[in-house]
There are 2 protein chains.
Amino acid sequence: MMPTKPTRETRTKARKLSILSAALDCFCEKGVEATAVADIQRRAQCSVGSLYHHFGSKEGVAEELFIVTIQKLNSGMLRKLKRSKHAEESVKAVVFFYSDWSTRNPKLARYLHSRDIDFSPEAKTRLRLLRREYIASVFTGFAGFVERGDMAVLPADAYVPLISGPIQEYTRLWLAGQAGSPSQVKGLFAEAAWNAVKG
Amino acid sequence: MMPTKPTRETRTKARKLSILSAALDCFCEKGVEATAVADIQRRAQCSVGSLYHHFGSKEGVAEELFIVTIQKLNSGMLRKLKRSKHAEESVKAVVFFYSDWSTRNPKLARYLHSRDIDFSPEAKTRLRLLRREYIASVFTGFAGFVERGDMAVLPADAYVPLISGPIQEYTRLWLAGQAGSPSQVKGLFAEAAWNAVKG
DNA sequence: TCCTAAACTAGAATAACTTTCTAGTAAAAA
DNA sequence: TTTTTACTAGAAAGTTATTCTAGTTTAGGA
């Protein structure tokens with residue numbers, strides 16, 4: 001059958017994705033600040049005008065890439081969490097998912113951990129919101145376990161840092177080439193996470 | 001008595017410090033990438049030439065500020081750690097020190113947690129080295145406790161993330177205005193850190 | 001089917017910034 | 001004293017981000 005001509009919407013989405021993907025490659029290779037708009041534009045095979053039409057600025061590209069990635073990561077974690085029936089299983093699932101996702105998507109993980117992104121106030125607000133939502137969802141997911149006494153009663157803001165803090169920090173070390181793969185310690189860290197919040 | 005005329009060395013050091021301090025203020029207010037060399041230069045009341053003479057580039061200013069700060073923080077932590085006689089005391093001291101230092105130096109803490117710094121390869125190497133030294137020192141400090149069975153036997157790279165990860169992550173939330181002061185949870189987090197590594 | 005508005009693309013022109021360069025001053029060393 | 005080195009200054013040059021103008025393509029309404 002004839003390949004139907006792609007609709008405009010389809011092509012637009014594809015172009016945006018190709019710009020984001022080109023940007024990710026550039027950012028990983030040279031760092032965000034060191035990447036010129038021209039680098040992204042060349043690699044994505046689009047014009048400056050096109051890039052600015054879709055993203056407004058280089059910052060805009062970096063921000064959207066970051067936000068989309070965080071959204072995917074968060075929703076993946078929450079999906080795992082919701083599937084778990086028991087407190088211990090839930091907590092450990094979060095640690096495992098973070099570790100697995102990072103090793104499966106090293107470029108994205110590197111980007112999320114990179115330090116040279118300059119967010120606009122709007123993007124910061126947006127990220128704050130995403131994080132708040134995530135923390136709230138986790139808290140909600142845990143509420144039942146806490147009531148039942150399976151998990152400790154802690155300040156709402158404390159659960160995520162206690163559970164994810166160590167594996168995140170370890171992953172950062174791994175990305176910097178200063179530690180082995182997270183998969184080697186994820187069991188240990190899952191155990192620690194559970195110890196930190198169990199009832 | 002007469003105030004003696006300051007020596008050149010003294011004035012140079014003072015000027016460098018004033019540039020670093022002006023830079024910190026600018027970075028906190030507008031972000032690293034968004035601050036222009038002219039901003040720093042104006043606030044420090046020096047010329048472009050002077051700034052470039054001392055630091056080579058805007059990046060150079062950001063790097064030196066970061067490295068000097070990390071060094072101070074690390075040495076403070078190690079000092080606390082060395083003073084502690086017992087395993088539990090040591091571990092908790094690290095958490096307390098990190099929390100206290102961050103609340104006492106919010107601008108510097110904010111800068112250390114900021115994401116928009118573009119380090120040169122040399123600076124990255126230097127930071128890697130500092131971190132390696134820190135992790136090694138911590139490990140050495142703990143060696144005795146581990147032998148005695150007071151602390152668990154873990155991969156060398158695991159201690160720091162397990163102990164400091166949660167309080168760092170919580171501090172990040174606090175700086176983003178998404179959680180209360182670290183001082184409110186430091187006891188809780190110190191306890192969790194100890195649970196994560198105790199024998 | 002044709003027309004119009006909106007989305008999109010292109011690349012030259014512009015503007016903003018970083019970095020370099022030249023010239024000169026002040027302090028320390030010889 | 002003289003010479004060398006560290007330092008400062010600000011104009012000039014070079015780079016890069018962003019804007020602008022012009023034009024093309026597509027979706028949707030008449």
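So that the names make sense, note that chain A is the first sequence line, chain B the second, and so on, each numbered from 1. Quick caveat, the model's predicted, so the values are computed rather than measured. Values below: every heavy atom of this structure, side chains too, minus hydrogens, waters and symmetry copies.
At least one side-chain nitrogen or oxygen of A:Arg11 sits closer than 4.0 Å to the OP1 or OP2 atom of D:dT26. Remark: A:Thr12 is in phosphate contact with C:dC8, judged by side-chain N or O atoms under 4.0 Å from OP1 or OP2. Using a 4.0 Å cut-off, some side-chain N or O of B:His54 falls inside it from OP1 or OP2 of D:dT8. A close approach under 4.0 Å does not occur between any side-chain nitrogen or oxygen of A:Ser47 and OP1 or OP2 of C:dT9.
Distance CZ (A:Phe55) to P (D:dT19): 16 Å, rounded to an integer number of Å. A straight line from NZ of A:Lys13 to P of C:dC8 spans 12 Å, rounded to a whole angstrom. Between the NZ atom of A:Lys58 and the C1' atom of D:dT15 there is a distance of 12 Å, given to the nearest Å. For the pair B:Arg42 CZ and D:dG10 C1', the computed distance is 14 Å after rounding to whole Å. Per the geometry, NE2 belonging to A:His53 stands 13 Å off P belonging to C:dA6, to the nearest Å. The CD-P distance, from A:Gln45 to C:dA10, rounds to 10 Å in whole Å. Atom-to-atom, CZ of B:Arg15 to P of C:dA27 comes out at 13 Å; the value is rounded to the nearest Å. In this entry the distance linking CG of A:Leu51 with C1' of D:dT16 reads 14 Å, nearest Å.
Sequence order on DNA chain C of the closest nucleotides to A:Gly49 and B:Gly49 puts A:Gly49 first from the 5' end. Residues A:Tyr52 and B:Gln41 each lie close to DNA chain D; by heavy-atom proximity, the contact nearer the 5' end of the strand is made by B:Gln41.
Using a 4.0 Å cut-off between charged side-chain N and carboxylate O, B:Arg110 and B:Glu29 make no salt bridge. A salt bridge does not link A:Lys198 to A:Asp150: none of the charged nitrogens lies less than 4.0 Å from a carboxylate oxygen. In summary, A:Glu89 and A:Arg83 do not engage in a salt bridge, as defined by a charged side-chain N under 4.0 Å from a carboxylate O. No salt bridge links A:Arg126 with A:Glu122; every basic N to acidic carboxylate O contact stays at or beyond 4.0 Å.
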Would you please test A:Ser120 and A:Glu63 for side-chain hydrogen bond (donor to acceptor under 3.5 Å, both in side chains) and show each step?
CA-CA 8 Å; A:Ser120 67; A:Glu63 288 173 356; 2.9 Å; yes
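Of all nucleotides listed (C:dA27, C:dT20, D:dA17), D:dA17 comes nearest to the side chain of A:Ala36. For A:Ser57, whose side chain is taken as the heavy atoms from C-beta onward, the closest listed nucleotide among C:dG11, D:dT18, D:dA9 is D:dT18.
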